[in-house]
Amino acid sequence: MILKKLVLIDGNSIAYRAFFALPLLNNDKGVYTNAVYGFTTMLMKIIEEDKPTHMLVAFDAGKTTFRHKTFSEYKGGRQKTPPELSEQFPLVRELLDAFQIKRFEAENYEADDIIGTFAKEAAGEEWQVKIYTGDKDLLQLVSDNVTVSLTKKGISQVEEYTPAFLHEKYGLEPKQIIDMKGLMGDSSDNIPGVPGVGEKTALKLLKEFGTIEKVLDSIEQISGKKMKERLEENKEQAMMSKDLATIFLEVPLDMDLNDLGFGEYESKDVVQFFKELEFKSLLEKFAPDEQMDEVQEKVEDLQFEILTDIKKEQLSSPAALIVEVLDEHYHQSEIIGIALVNETGRYYLSPETALQSEVFKAWLKDETKKKWIFDAKRAVVLFGWQGVELTGVEFDLLMASYLLDPSHSSHDMDDIVQRKNGGYVQSDEVVYGKGAKRKAPEEEVLAEHLVRKAQATFDLKEPLENELKENEQFELFYDLELPLSLVLGQMELTGVKVDKAQLVQMGEDLEERLSKLEQDIHELAGQSFNINSPKQLGEILFEKLELPPIKKTKTGYSTSADVLEKLAGKHEIIDHILHYRQLGKLNSTYIEGLLKVIKEDSSKIHTRFNQALTQTGRLSSTDPNLQNIPIRLEEGRKIRKAFIASEKGWKIIAADYSQIELRVLAHISGDEKLKEAFQEDMDVHTKTAMDVFHVKEDEVTSTMRRSAKAVNFGIVYGISDYGLSQSLNITRKEAAEFIERYFQSYPKVKQYMDEIVEEARESGYVATLLHRRRYLPELTSRNFNLRSFAERTAMNTPIQGTAADIIKKAMVDMGNELEGGNWKARLLLQVHDELIFEVPDEEVNDFLKVITDVMENAVELDVPLKVDAEIGESWYDAK
DNA sequence: GCAGGCACGC
DNA sequence: GACGTACGTGCCTGCT
């Protein structure tokens, strides 16, 4: 027997689910696409996994159906379909047409009825029917050859109901779903049911009597006076509800099953559709080759020369310059090729040709020759390792893209170029491969790829600069971030010296203590196990030792520090585990991790700062991350002893801004009391405690100060009442009250918070002092969580982002000072509110004044900025 | 090679 | 009431 597989999809239901499950994506034309996107992913999954031979998508038509005749309030009180969703329905239809999937809607009937009718048609043994929907009503159609897959969470997770599974889950036969609804009603369809009967009662009644009719015939036998009354009074309503919930199986159809065949479609139609909607990832999945073909076609059009000798005339200004490496860890990695585009032509240079050419090197160093680059910092570092200086950077495509909208998940060249319509550039992954297989292609291919990149950089300079100007971000770009790239590049090249022997010594010490702790823990547990495995640890603690599991994770028991701390008094093993974790972290991440990246010949570490990543404007640091070296606990803080000056007779200076975020908040909110704290140079947490608890300075207890500090922390980082409750170990309600009291004490802060959210909702973004932007489309989301998160982000980003602006400005100013002031001192690191320098002894005193002065005057606020600068032999001592 | 759990800094 | 709650990086385990 030939098995035919029919898939029936409830179009409205799935589109709704997708719409609410996904954030409100839109493409460059401003068209919302999240529902279509979700629908498409689900459709592709169905096609791939179910391999249907026949397929149909049913839609609801019009506003009224035959059910409205029975009950005019049917589906009353429903929220109007959001326009952002309605406008996507035509796109869903286009999608189905592209796949040549039949769709059907019928006046007076709902999608359910159409699906039911077709499912009934396909009752013969040769048919296997699978229904996709988010609507539990359809479960009534489940039978031996019909399954119903309900969307569970999001859109891609479904649960497939067979008669057996339905029985297991609810103890019901498919037909009883209708009785169920008749009894309990359905608020979303405005079906009344019997008031006072919910899921539990309905299930109980049906288990006993089978159907609504039998329940109503046997009211006498039902326990509970109230329940009897209710059933008696609502007999008719119950029967009507059952009627409404019953799927109609006789919808007049003008097509039959044979018309629903699926499989013959033109993939170019689908590709076309995906392209229009900018479904890049789906496109790659659907037709990976298609994309490459097209790109290569365009690349062929481009004429360029491979130079073996560079003439001065070819180095006109301005020029787009691409310097390529394969390794994302670009320190000391080999340049694989260089491309140049300017008004004289398009050129590719092998690294040898370029680096051996004095003409080229002189051009790089010449500040009057303007360079347009992608990732200027990387270029500075790459040439820097070759002993070649790069100046005159006038444009950085990466930085421009980041400043215009930091939220894009990728600022890879090919993505930016596509987003900004700058022609076609292949993705590096396609050209070089990925992972272990990543390698340089033959020269001709590489040259083409790099020249395309240079051309795109050249072409995009003007339009992106214009966009920056429209956003009032050109100064941010040109006067702050671009010069900062060069400062950061220099910092990365300089590196920071590390006392390797000291780290090794600390590591040996740690190893010894760890193995002792491990023994103790195994002994206390009565068996040996891997303490580093949360899974095994959880089994020991919560099963073998029967400690109370306080929190669960997706996969099992939580063993995080806050859980363990709550268990501390209950078993001796807990303290040992906490200690083991602490030392283990130090050893693996900081001792072993740092030792791995020390450069052999110089004993230095060269981190990379990512200047185009965070949503707030902060920097990040990788390979290694030097922005999270321990400080809180003395044990870890000792790691900092290994960070020393690179030359004899030099010192480390660490200069940090005191409470910079709260000062920024005082400035932008204009709150008098908060400003007072800083104008009088008070301890801000004590001041907050005084204001919030209405006490005098000497009446502030340590608990009060601790609470005030946590609230200040929450304000700065935009945490929720839930977050505050976690950090203070209090209830959510108490945390909310705290926040309320804080706002009463600082009314202008409250006013700022309200206004910034409102402004952001209207404009779509928030901005910092120096016009850095963050777009927050989710402020208008109907999803409470997404919206709340966006609101806290709106309040917090101008604070944290302005602080980031300020220290960046200070870094640029310090960069100029170091360049022009005849100093030997060097800037080494930035840790968000702190700058680390190495300074020769003879400069220390003067330089300390300069640092403080430059940092405190980086910008002018309504409150003073305060910097604490300390000197020491190591980073540890500079405290 | 990837996801999840955990922990470090600001 | 709301299924997840500052960000970013990196280590380890345990699975594919």
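Here is how names work: the chains are called A, B, and so on, in the same order as the sequence lines, proteins then strands, and each is numbered from 1.
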- Which part of the nucleic acid, if any, lies within reach of Arg632(A) when heavy atoms closer than 4.0 Å are counted: base, sugar-phosphate only, or nothing? sugar-phosphate
- Query: Is Gln800(A) reaching over with its side chain to a backbone N or O of Thr616(A), donor-acceptor style, under 3.5 angstrom?
  - Reply: no
- Note on the structure: Whole-Å distance, Leu564(A) CG to dC6(B) P, equals 9 Å
- Message: Could you tell me how far dA6(C) sits from dA3(B) if I compare only their P atoms? Round to whole Å.
- Response: 22 Å
- Item | Exam field: side chain Thr607(A) to backbone Asn625(A), donor-acceptor pair closer than 3.5 Å | no
- Query: Can you give the dot-bracket line for DNA chain C, using ( ) for pairs inside the strand, [ ] for pairs that cross earlier ones, | for pairs with another strand and . for unpaired bases, where Watson-Crick and G-U count if both distances are under 3.5 Å?
  - Reply: ......|||||||||.
- Task: Would you check if the side chain of Arg608(A) reaches a backbone N or O of Ser620(A) as a donor-acceptor pair within less than 3.5 Å?
- Result: no
- Query: For dG8(C), does either OP1 or OP2 sit under 4.0 Å from a side-chain N or O belonging to Arg618(A)?
  - Reply: no
- Message: Can a donor-acceptor pair be found, under 3.5 Å and without considering hydrogens, that links the side chain of Ser727(A) to the backbone of Leu724(A)?
- Response: yes
- Query: Contact class for Gln615(A) vs. all strands (heavy atom < 4.0 Å): base, sugar-phosphate, or nothing?
  - Reply: sugar-phosphate
- Note on the structure: note: Lys552(A), atom NZ; dC3(C), atom C1'; distance rounded to Å ~ 16 Å
- Message: When the P atoms of dC8(B) and dA2(C) are compared, how many Å lie between them, rounded to an integer?
- Response: 31 Å
- Aromatic ring proximity Tyr742(A)/Phe738(A), centre distance under 6.0 Å: no
- Ala35(A) versus Ala18(A), closest heavy-atom pair with distance: O-CB, 3.6 Å
- Distance, rounded to the nearest Å, where Ile531(A) contributes CD1 and dC6(B) contributes C1': 15 Å
- Selection: residues 509-519 of chain A, any non-hydrogen atom under 4.0 Å of DNA chain C: none
- Task: Please determine if Lys377(A) forms a cation-pi arrangement with Phe609(A), meaning its NZ or CZ atom is less than 6.0 Å from the six-membered ring centre and no more than 45° off the ring axis.
- Result: no
- Spacing between Asp562(A) atom CG and dT5(C) atom P, to the nearest angstrom: 14 Å
- Message: Tell me the interatomic distance from Phe643(A), atom CZ, to dC8(B), atom C1', rounded to whole angstroms.
- Response: 13 Å
- Could you give the CD1-to-P distance, from Ile719(A) to dG4(C), as a whole number of Å? 19 Å
- Positions of residues 790-804 of chain A (non-hydrogen atom under 4.0 Å from DNA chain B), listed by number: none
- Message: So is the aromatic ring of Tyr722(A) stacked onto the base of dT5(C), judging by whether the centres are under 5.5 Å apart and the planes are under 30° apart?
- Response: yes
- Examine distances only and state if a side-chain atom of Ser485(A) and a backbone atom of Glu481(A) form a donor-acceptor pair shorter than 3.5 Å. yes
- Note on the structure: note: Glu634(A), atom CD; dC8(B), atom P; distance rounded to Å ~ 15 Å
- Would you sort out whether Arg772(A) and Leu480(A) count as a side chain to side chain contact (heavy atoms under 4.5 Å, CB included), showing the intermediate values? CA-CA 11 Å; Arg772(A) 188 184 306 284; Leu480(A) 190 77; 4.0 Å; yes
- Message: Check whether Asp877(A) reaches the backbone of Ser874(A) with its side chain - one donor and one acceptor, N or O, closer than 3.5 Å.
- Response: yes
- Message: For a quick check, with a 4.0 angstrom heavy-atom cut-off, what is the B/S/- contact string for nucleotides 9-16 of chain C, read 5' to 3'?
- Response: BBSSSS--
- Task: Have a look at Thr559(A) and say if it touches a base, only the backbone sugar-phosphate, or nothing, with a 4.0 Å heavy-atom cut-off.
- Result: sugar-phosphate
- Ignoring backbone atoms, test whether Thr553(A) places a side-chain nitrogen or oxygen under 4.0 Å from the OP1 or OP2 oxygen of dG5(B). yes
- Task: Give the nucleotide from the list dA6(C), dG9(B), dC8(B) with an atom nearest to the side chain of Gln582(A).
- Result: dC8(B)
- Query: Hey, does the Lys NZ or Arg CZ of Lys879(A) hover above the aromatic six-ring of Tyr876(A), less than 6.0 Å from the centre and inside 45° of the axis?
  - Reply: yes
- Query: To the nearest angstrom, how far is Asp833(A) atom CG from dA6(C) atom C1'?
  - Reply: 15 Å
- Task: Would you please name every residue forming a ring pair (Phe, Tyr, Trp, His ring centres under 6.0 Å) with Phe837(A), sequence neighbours left out?
- Result: Phe847(A)
- Ignoring backbone atoms, establish whether Ser558(A) has a side-chain N or O less than 4.0 Å from OP1 or OP2 of dG5(B). no
- Query: When you measure from the side chain of Tyr752(A) to the backbone N and O of Leu665(A), does any donor-acceptor pair fall under 3.5 Å?
  - Reply: no
- Note on the structure: Residues passing the ring pair (Phe, Tyr, Trp, His ring centres under 6.0 Å) test with Tyr775(A), sequence neighbours excluded, are Tyr765(A)
- Query: Is Thr616(A) touching bases, backbone alone, or none of the nucleic acid, heavy atoms closer than 4.0 Å?
  - Reply: nothing
- Quote, to the nearest angstrom, the P distance that separates dA7(B) from dC3(C). 25 Å
- Task: Applying salt bridge (charged side-chain N to carboxylate O under 4.0 Å, His left out), run through Asp805(A) and Lys809(A) and close with a yes or a no.
- Result: CA-CA 6 Å; Asp805(A) 291 351; Lys809(A) 173 71 166 35; over 6 Å; no
